[in-house]
Number of protein chains: 2
Amino acid sequence: MSKEIKKKPQLELNPNVSVDCVIFGFDFDKLNVLVINRSEKEGIQWALPGNLIYDAEHLDEAANRVLEELTGLKKIYLEQIGAFGDPNRISKESDRSWLQSIRAQPEARVITVAYFSLVKMEDYQPQPSSFATSAEWIPVNEIRELAFDHFEILQAAKARLKQMIKIRPIGFNLLPEKFTLSQLHKLYEAILDKPLDKRNFRRKIQKLKIVYSLKEKQSGVPHKPSQLFSFNTEHYLELTQTGYDNFGF
Amino acid sequence: MSKEIKKKPQLELNPNVSVDCVIFGFDFDKLNVLVINRSEKEGIQWALPGNLIYDAEHLDEAANRVLEELTGLKKIYLEQIGAFGDPNRISKESDRSWLQSIRAQPEARVITVAYFSLVKMEDYQPQPSSFATSAEWIPVNEIRELAFDHFEILQAAKARLKQMIKIRPIGFNLLPEKFTLSQLHKLYEAILDKPLDKRNFRRKIQKLKIVYSLKEKQSGVPHKPSQLFSFNTEHYLELTQTGYDNFGF
DNA sequence: TTTGAAAGTGTTAAAATGACACCAAGTAAT
DNA sequence: ATTACTTGGTGTCATTTTAACACTTTCAAA
């Protein structure tokens, strides 16, 4: 806040292009999305965190910036979903006034480039940010409506994540360093939105060798403590380098 | 050409957003891409067909429009790849002057939304278009360089097509109404960029029931004439409705 | 000590995959 | 008419992958 402007040569906002982020988190039970609250008088209206980009900014940088501004998280898994640009997307009156409040020209045609990212929920406990009244984790499946075309973007993000996890083991970005196979199992079920047989799942994961078992076990649970595992980065890199592209879920 | 301007209320070009199309065609041997020629004095510089969008236009509409302006083809298979927007993408001097010639502000930061589309080459024989000196089909694998960031876009398009064809039988958009299994086979090999066993390929295709055999055969070929097939649209729709998402190539 | 709750483990039948080689049917050349 | 050439078309088998399925273990709490 107290910093000088002009870290970068051109700090011109581009009024036509924004980025929006679909930030997924996993609470060991279901997928959640980070949304910001515009707190209209008439009810609550949620939106995806996003903002206009600077003229001199790469799109990916802009997405990282927005994410960091909101959550303080850097260098996390972030992937482009695509561009969305219905010229009539700013349909509701509330959308218009909201845009005005964050210095965008409400009349301008804005296309938005959507990203999705996967974060460890433990790494971010929402706090009100600079321009959003509040940010909150909401279970994906409870969301029925969002501002602008954000609901459409969310659907696309879910579909993309589902597709992606069949191809690359990106789910680990949603889990802590140490996790149990049951947690991983639930995560896959949540993303793929279908039950997976426990034994078949475990067999498949083990055969892929993308996790390795730690010497440590869970403790303090009122049932048999489970083995802890970590993600095997090296083997993952091998796989992706050989063009491996199917995890068969 | 002789039509009145103003079919749509606002015909303002948006100087910040363009669409570029990667148009694939198949010559029964390899994949080709439609490129336009900027015919600089110093050598030839190819680019992907693209243009700025209108303010009042959906992105998908813009892509369709650009495609139709260039090829006259309507309602063909078209899918978004994503947004590309290195602020420094207009690096070469030749790029700058080219942009000037098509009424874009060369200094403006442009992000471009890339699409790929699949067309039957027989349906389009390139002719010089309004602003391009010429358009040409070029084998994908012979392309080493393109204007702006178009080469990067092409790579992304190839990767996306490869990924997509494993999930949906979109290859049929590249073939004529009637085709042989060998042609389909070659098409899959070209897209996946690896050899596929003939018998295994045929078995898989037949089991999917996405083609049906016509009563007709090839004629005029200096070898055993092959059975002709057509794409089974109905069965394809069934598959996609049931969420089927793996063709297992 | 009992109860509850999640962890962990193996087999089998069915389906999918990958590797592999020969004959058939046409045209063109002699 | 025969031959050569070219591409079309076909089946089997061994291996791997998948999907379905149930019971015992281990801990904390009552």
Side-chain angles (χ1 to χ4, degrees), chain A residues 26-30 165-167 175 178-190 192 194-230 239 242-249, chain B residues 27-30 165-167 169 175-176 178-190 192-230 239 242-249:
Chain A
F26 182 61
D27 59 10
F28 300 118
D29 183 38
K30 48 201 166 354
I165 208 172
K166 293 178 186 172
I167 288 178
L175 291 173
K178 301 170 181 181
F179 52 85
T180 71
L181 290 186
S182 296
Q183 291 167 344
L184 188 61
H185 182 201
K186 273 219 150 185
L187 172 56
Y188 272 77
E189 290 188 323
L192 296 173
K194 69 177 181 194
L196 299 173
D197 181 85
K198 182 165 57 160
R199 282 174 287 188
N200 294 340
F201 175 82
R202 290 165 101 97
R203 172 160 36 105
K204 186 166 296 179
I205 290 293
Q206 306 258 22
K207 192 167 43 197
L208 288 170
K209 294 198 279 203
I210 49 178
V211 298
Y212 61 96
S213 126
L214 303 172
K215 275 155 200 148
E216 201 174 339
K217 291 202 174 186
Q218 244 184 351
S219 63
V221 287
H223 56 263
K224 181 172 176 179
S226 76
Q227 188 60 241
L228 289 172
F229 290 81
S230 267
L239 284 181
T242 55
Y244 191 78
D245 68 350
N246 192 353
F247 280 21
F249 287 101
Chain B
D27 60 10
F28 300 118
D29 183 38
K30 48 203 163 354
I165 207 171
K166 291 177 186 170
I167 288 177
L175 291 172
K178 301 168 181 182
F179 53 85
T180 71
L181 289 186
S182 297
Q183 290 168 344
L184 188 62
H185 182 202
K186 273 216 148 184
L187 173 56
Y188 272 77
E189 289 188 324
L192 296 174
D193 198 26
K194 70 176 180 193
L196 300 172
D197 180 84
K198 183 162 59 158
R199 282 174 288 191
N200 294 340
F201 175 80
R202 291 164 102 97
R203 183 181 18 163
K204 187 167 293 180
I205 290 293
Q206 306 260 19
K207 192 167 41 197
L208 288 170
K209 295 198 277 201
I210 48 178
V211 297
Y212 61 95
S213 127
L214 302 171
K215 274 153 201 149
E216 203 174 340
K217 290 201 173 186
Q218 241 183 354
S219 63
V221 286
H223 56 264
K224 180 171 176 179
S226 76
Q227 188 59 240
L228 290 172
F229 290 81
S230 266
L239 284 182
T242 54
Y244 191 77
D245 69 350
N246 190 354
F247 281 22
F249 285 102

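Below, chains carry the letters A, B, ... as their sequence lines are ordered, and counting in each starts from 1.
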Summary of ring-ring contact (aromatic ring centres under 6.0 Å, His included) pairs that have at least one residue in residues 203-226 of chain A, sequence neighbours excluded: none

Upstream residue (5' side of DNA chain D) when A:Asp197 and A:Phe247 are each assigned their closest nucleotide: A:Phe247

For [X], check salt bridge (Lys or Arg N to Asp or Glu O under 4.0 Å) against everything at least two apart and list the hits.
X        : answer
A:Glu216 : A:Lys178
B:Lys224 : none
A:Asp29  : A:Lys186

Selection: residues 200-218 of chain B, any non-hydrogen atom under 4.0 Å of DNA chain D: B:Arg202

Residue list, ring pair (Phe, Tyr, Trp, His ring centres under 6.0 Å) with A:Phe26, at least two apart or on another chain: none

N or O in side chain of A:Ser182 less than 4.0 angstrom from C:dA6 OP1/OP2: no

Side-chain polar contacts of residues 201-211 of chain A - donor-acceptor pairs under 3.5 angstrom, sequence neighbours left out - could you list them?
unit_1   : atom_1 : unit_2   : atom_2 : d
A:Arg203 : NH2    : A:Asn200 : OD1    : 2.6
A:Lys204 : NZ     : A:Gly248 : O      : 2.6

Covered region of DNA chain D, 5' end to 3' end, by chain A [heavy atoms, under 4.0 Å]: D:dT18 to D:dA28

With sequence neighbours left out, what residues match [X] under side chain to side chain donor-acceptor pair (under 3.5 Å)?
X        : value
A:Asp27  : A:Lys30
A:Gln218 : A:Ser226
A:Glu189 : A:His185

Residue closer to the 5' end of DNA chain C, A:Pro222 versus A:Thr180 (nearest nucleotide): A:Pro222

Could you list the protein-to-nucleotides 21-23 of chain C atom pairs, N/O on both sides, closer than 3.5 Å?
unit_1 : atom_1 : unit_2   : atom_2 : d
C:dA21 : N1     : B:Arg199 : NH1    : 3.1

CD1 on B:Ile165 to CZ on B:Phe249, rounded to 0.5 Å: 7.5 Å

